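As structure tokens, the structure follows; a few thoughts come after it.
Naming: A, B, ... by sequence-line order, numbering from 1 per chain. Source: prediction; values computed, not measured. Note: hydrogens, waters and symmetry copies are ignored here, and every other heavy atom, side chains too, is used.
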Protein chains: 2
Amino acid sequence: MKYIEKLRNSGLRPTKQRLQICEVLFDADKTFHFTINELEKKIKKQINSKISLATVYNTIHAFEKKGYLKQIPINSNQTYFDTNVSDHHHFYDLNDEKLIDLENCDVGPINILKKINGKKIKSVEVLVKLED
Amino acid sequence: MKYIEKLRNSGLRPTKQRLQICEVLFDADKTFHFTINELEKKIKKQINSKISLATVYNTIHAFEKKGYLKQIPINSNQTYFDTNVSDHHHFYDLNDEKLIDLENCDVGPINILKKINGKKIKSVEVLVKLED
DNA sequence: TAACTACTTTATAATGATTCTAAAAAAGTG
DNA sequence: CACTTTTTTAGAATCATTATAAAGTAGTTA
């Protein structure tokens, strides 16, 4: 299993559940966006075993902390995550309530001219809202 | 009352509660960011009467729909609003969990090169996360 | 002013995402 | 294996937000 090392290296024990979640998240052809609920359904369908909802939450948060997932800053009742952890941005289609990736190269360089004392920039994320 | 017209013009009846909320939101020296909870406290302190939580929610959503408030896209357990409805952006201080305005002129021009068929851009919002 | 309609407020209940709990299970270690 | 630490789990708890439905208010027309 290719994920055993990955987990061990980040100080997470490679449990059955975590490895299964890795498969669902990182064996996909393309990166994708998901909510915990959507992910739970996906797991149920793809892997033929049930993982407790609490475990899904725990795992996703652990993975996010380790940088294997990104949270997408958007106002929704549910939290959106992205398996694409490269530096990139998002369209949000207000009508269809769908997220679309917007690669860094599709947005000109962003220059933050204002500086805040004693703070450094961790990330710069652009959300482009779309309507019909 | 200067807000009576404003409300009437947008098809909202100028009720006592709405006018009081207008005062708290728009009579402040500076624009500010708030959650519904923070706003409720502010109302209680500033106006000497209680407005039902449901009314605060209704009013804030009505004002947002009319463009008198903006929702700030950020992942938090609570929704953040901004009385600054000009086209602008935000810093989010991860350590202090605080929002800071980032005016449009403090960010170089943003060019969205990718187009989505049949959709038009409604807004472009930048969130700059800060850490110590 | 009265009568009427449509909208608004309110307290409270319901919802639903997320977190907490504490006991059982699994992983790591010697 | 014996032992410690971490993880999983079901279910309960929390907490922001939304729904409900009854009472109140605004606007309108006469």
Side-chain angles (χ1 to χ4, degrees), chain A residues 1 3-24 33-44 47-66 68-69 71-81 97, chain B residues 1 3-25 33-44 47-66 68-69 71-81 97 99:
Chain A
M1 281 293 236
Y3 297 117
I4 291 180
E5 273 305 296
K6 179 174 179 165
L7 290 173
R8 276 228 182 80
N9 289 340
S10 44
L12 296 171
R13 289 187 181 172
T15 64
K16 193 180 87 185
Q17 291 84 346
R18 283 176 180 161
L19 290 168
Q20 289 177 328
I21 293 175
C22 275
E23 277 182 50
V24 173
H33 308 127
F34 64 91
T35 62
I36 298 285
N37 258 305
E38 290 165 358
L39 182 62
E40 221 211 346
K41 281 188 212 151
K42 209 178 167 90
I43 291 168
K44 223 175 271 173
I47 310 293
N48 217 24
S49 65
K50 199 199 166 250
I51 297 179
S52 165
L53 184 59
T55 301
V56 179
Y57 272 98
N58 287 341
T59 304
I60 293 311
H61 286 143
F63 286 6
E64 198 224 338
K65 199 167 283 176
K66 297 299 179 185
Y68 303 148
L69 291 172
Q71 242 187 281
I72 303 172
I74 192 178
N75 280 112
S76 163
N77 51 330
Q78 287 177 89
T79 305
Y80 275 85
F81 293 91
E97 296 186 343
Chain B
M1 282 289 236
Y3 297 117
I4 292 180
E5 274 305 297
K6 179 174 180 164
L7 290 173
R8 278 228 181 80
N9 290 340
S10 43
L12 297 171
R13 287 187 181 170
T15 64
K16 193 179 87 185
Q17 291 85 345
R18 284 176 179 161
L19 291 168
Q20 288 176 329
I21 293 174
C22 275
E23 277 182 51
V24 173
L25 293 176
H33 308 126
F34 64 90
T35 63
I36 297 286
N37 257 305
E38 290 166 357
L39 182 63
E40 223 211 344
K41 282 186 212 150
K42 209 179 165 85
I43 290 168
K44 221 175 273 171
I47 309 293
N48 218 24
S49 64
K50 197 194 165 254
I51 296 180
S52 165
L53 184 58
T55 301
V56 178
Y57 272 98
N58 287 340
T59 303
I60 293 310
H61 287 143
F63 285 6
E64 198 225 338
K65 198 166 284 175
K66 296 299 177 185
Y68 302 148
L69 291 172
Q71 243 188 281
I72 303 172
I74 192 177
N75 279 112
S76 163
N77 50 331
Q78 288 176 86
T79 305
Y80 276 84
F81 292 91
E97 296 185 342
L99 282 161

Rounded to the nearest Å, what distance is computed from the [atom1] atom of residue [X] to the [atom2] atom of nucleotide [N]?
| X | N | atom1 | atom2 | value |
| --- | --- | --- | --- | --- |
| Glu40(A) | dT8(D) | CD | C1' | 14 Å |
| Ile43(A) | dT9(D) | CD1 | P | 10 Å |
| Lys41(A) | dA17(C) | NZ | C1' | 14 Å |
| Arg18(B) | dT8(C) | CZ | C1' | 6 Å |
| Ile51(B) | dT8(C) | CD1 | P | 15 Å |
| Leu7(A) | dA26(C) | CG | C1' | 15 Å |

Going by side-chain hydrogen bond (donor to acceptor under 3.5 Å, both in side chains), name the residues that satisfy it together with [X], two or more places apart in sequence or in a different chain.
| X | result |
| --- | --- |
| Gln20(B) | Ser49(B) |
| Asn58(A) | none |
| Tyr68(B) | Ser10(B) |
| Tyr57(A) | none |

Could you tell me whether the side chain of Thr15(B) reaches within less than 4.5 Å of the side chain of Leu7(B), counting heavy atoms only?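 Side chain of Leu7(B) against side chain of Thr15(B), heavy atoms only: no contact under 4.5 Å found.
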Using ring-ring contact (aromatic ring centres under 6.0 Å, His included) as the criterion, list what pairs up with Phe34(A), not counting sequence neighbours.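 Phe34(A): ring-ring contact (aromatic ring centres under 6.0 Å, His included) contacts with Phe32(A), Phe81(A).
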Scan nucleotides 14-30 of chain D nucleotide by nucleotide, 5' to 3', and note B when protein non-hydrogen atoms come under 4.0 Å of the base, S if they reach only the sugar-phosphate, - if neither. --SBBB------BS---
How bent is the helix from dT1(C)-dA30(D) to dG30(C)-dC1(D), comparing axes over its five end pairs at each side, to the nearest 10°?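 Here the local axes at opposite ends form an angle of 30°.
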Distance test, side-chain N/O of [X] to OP1/OP2 of [N], below 4.0 Å:
| X | N | answer |
| --- | --- | --- |
| Ser52(B) | dT9(C) | no |
| Gln17(A) | dT9(D) | yes |
| Lys50(B) | dT9(C) | no |

Please name the pair of heavy atoms, one in [X] and one in [Y], separated by the smallest distance, quoted to 0.1 Å.
| X | Y | result |
| --- | --- | --- |
| Ile60(A) | Leu39(A) | CD1-CD2, 3.4 Å |
| Pro14(B) | Leu19(B) | O-CD1, 3.9 Å |
| Val56(A) | Ile36(A) | CG1-CG2, 4.1 Å |

So, using side chain to side chain contact (heavy atoms under 4.5 Å, CB included) as the criterion, who are the partners of Thr55(A) when residues are at least two apart?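 Once residues adjacent in sequence are excluded, the partners of Thr55(A) under the side chain to side chain contact (heavy atoms under 4.5 Å, CB included) criterion are Gln17(A), Ile51(A), Ser52(A), Thr59(A).
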Greater than 12 external heavy atoms within 6.0 Å of Asn9(A)'s CG: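 Buried by this count: over 12 neighbours within 6.0 Å.
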Please produce a list of atom pairs where a protein N or O lies less than 3.5 Å from an N or O of nucleotides 13-15 of chain C.
none

